[in-house]
Amino acid sequence: MTCDFLERHFLSGTGPEELALHIAGCASCRRLSADLESLAEWSASLRTPDASENLTTRWLSIPSLTVNCDEAAELMAGEIEREIPSPDKARLAFHLSRCEACQETAQVLGVMANLNRPEPGEFRPVRPHGTVIAFPRRPKAATWWLDPRLYAAAACLLAGFLTFAVSALRITPVTDARSASATVLDSLRVRVNDITDRLQMLEQNAPRQIVATRETLFGYGKAAGNIVLSAAFRTTEGLLEKKGNKL
Amino acid sequence: MDDAALARACRDGGGEAWNTLVARFGKRIYGIAYHFTLRREDAEELSQEIFLKIFENLHRYDGKFPLSAWIVSLSRNLCIDQYRRHKREKSFVHVSDEAVLPLMPSGDDPAKNALNRERTRLLFEALSELPEELSEILILRDLDGLAYEEIGAALELPEGTVKSRLFRARAEMAKIIRARMERRQRGAAWAPVVLAAVAGVAR
């Protein structure tokens, strides 16, 4: 098993006498300590390599090569108006070739630069006292799906729908699982009792309803029978009278 | 000029401020780049890239940590990517004499120079066998001379972890070097026997 005394000494900084005492009695720590000393000596003897003059000149020229993101944003804004001088354009182009975030920004600004500029005189609402208001027509977006108002409107609709849905469902927050399950059981019990009551009522009412239905049917049957019999009697009477007259 | 003022002056486009920054950190950045790549061309490209990143991101430096730690963190991130790419390309790392020459102390004794060259090669070959989390701390502390606080801030590690990893890195490296040297000595002991056998066969 390797001894961890040297590591503990290195981390916590125990005294040199304690270290010497331990090393005298521990072969593995003695060997490791000697190796570490050699290693430290080798590392310390190494030089730091020197950069060439040419390289240092390249480092110093970096501000003329590129810009940071804040400057890039300002230059991009300037480029929309076509005002930036060509050295700045070159620095901006170099930065854009290396910075994805600024590339995205440039693409979006490029879309804005392609928008239709409003023409004066297309729509002029008139104030009541007769002064014409120069109201520029809102330019159409070349790419309507990039319009942030579309997404804002969709978000409002979704929020309204969700609010309505939540209030319609009457979702109440469940604070206690036990009380929630008791509530569910109670509502089930109520429903079962309701169904049982209705069945009982049906059972009680059924015979009366059957009798009533039977009597009604007999009533109709009686009436129909009376009609048929009276019609038959009259017909027979009529026929007999006719025969009597002939004789 | 303190760190925050220097960063602000560079951001505001002060040419003198940038020259000061390059003078203050140039050697350290090049040293870190060289220790990770061991190739002059790669180290030059890497150091140029590091300075470009520093210039383009100075507006993000908020002064919470020392500027040196922020710069070391940027440098280390770029160097580690290069280091990993290099390791992937070469499963076996051989360190050439040309690679260690810029690191050698100057000396008149050719025998001593040869020994130093051999030791330095052994050192970097052993370094390449260490896990990345140990090798980077050893490079930053023992080869580039960074303080524990700077390394901790650059790697976002507590100082205790930095010290613990550094000790493990050194111990591992010492084991690897010792094993290699023992193998070489065993090989050297067998050399006369092998030579005699070859001579006998030739006769």
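Below, chain A is the first sequence line, B the second, and so on; all start at residue 1.
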Does any backbone or side-chain atom of [X] lie under 4.5 Å from a heavy atom of chain A? Answer side chain, backbone, both or neither.
X        : value
B:Ser164 : both
B:Phe51  : both
B:Ile177 : side chain
B:Arg28  : neither
B:Arg178 : side chain

I would like to know whether A:Arg98 and B:Glu49 meet salt bridge (Lys or Arg N to Asp or Glu O under 4.0 Å); could you show each step before the answer? CA-CA 11 Å; A:Arg98 297 163 42 80; B:Glu49 184 61 30; 3.1 Å; yes

Calculate, to the nearest 0.5 Å, the distance between atoms CD1 and NE2 belonging to A:Ile23 and A:His9 respectively.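 Those atoms lie 7.5 Å apart.
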
Contact winner vs chain B - [options], heavy-atom pairs under 4.5 Å:
options                            : value
A:Leu65, A:Asn54, A:Leu6, A:Leu55  : A:Leu55
A:Leu46, A:Asp70, A:Leu32, A:Thr56 : A:Leu46
A:Leu36, A:Thr48, A:Leu60          : A:Leu60

If we define contacts as heavy-atom pairs under 4.5 Å, which of [options] has the most with chain A?
options                               : value
B:Gly31, B:Ala43, B:Ser47             : B:Ser47
B:Thr120, B:Asp142, B:Leu52, B:Val100 : B:Leu52
B:Leu123, B:Leu58, B:Leu138, B:Asn116 : B:Leu123
B:Ala33, B:Ala23, B:Gly26             : B:Gly26

Name the residue from B:Tyr61, B:Phe65, B:Phe25 that meets the ring pair (Phe, Tyr, Trp, His ring centres under 6.0 Å) definition with B:Trp70.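 The option that passes is B:Tyr61.
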
Carefully, step by step, assess B:Arg165 and B:Glu172 under the rule salt bridge (Lys or Arg N to Asp or Glu O under 4.0 Å). CA-CA 10 Å; B:Arg165 284 190 191 177; B:Glu172 278 300 313; over 6 Å; no

B:Arg39 and B:Asp42: CA distance, side-chain angles, deciding distance, salt bridge (Lys or Arg N to Asp or Glu O under 4.0 Å) verdict: CA-CA 5 Å; B:Arg39 283 195 283 216; B:Asp42 289 353; 2.7 Å; yes

Shortest non-hydrogen contact between B:Pro102 and A:Arg47, atoms and distance: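 Smallest interatomic distance, heavy atoms only, reads O-NH2, 3.0 Å.
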
Using a 3.5 Å distance criterion without hydrogens, assess whether the side chain of A:Glu7 forms a donor-acceptor pair with backbone atoms of A:Asp4.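 Checked: no pair found.
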
Check the orientation of B:Tyr83 and B:Phe36. Use parallel for under 30°, tilted for 30 to 60°, and perpendicular for over 60°.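 Aromatic pair B:Tyr83/B:Phe36 classed perpendicular.
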
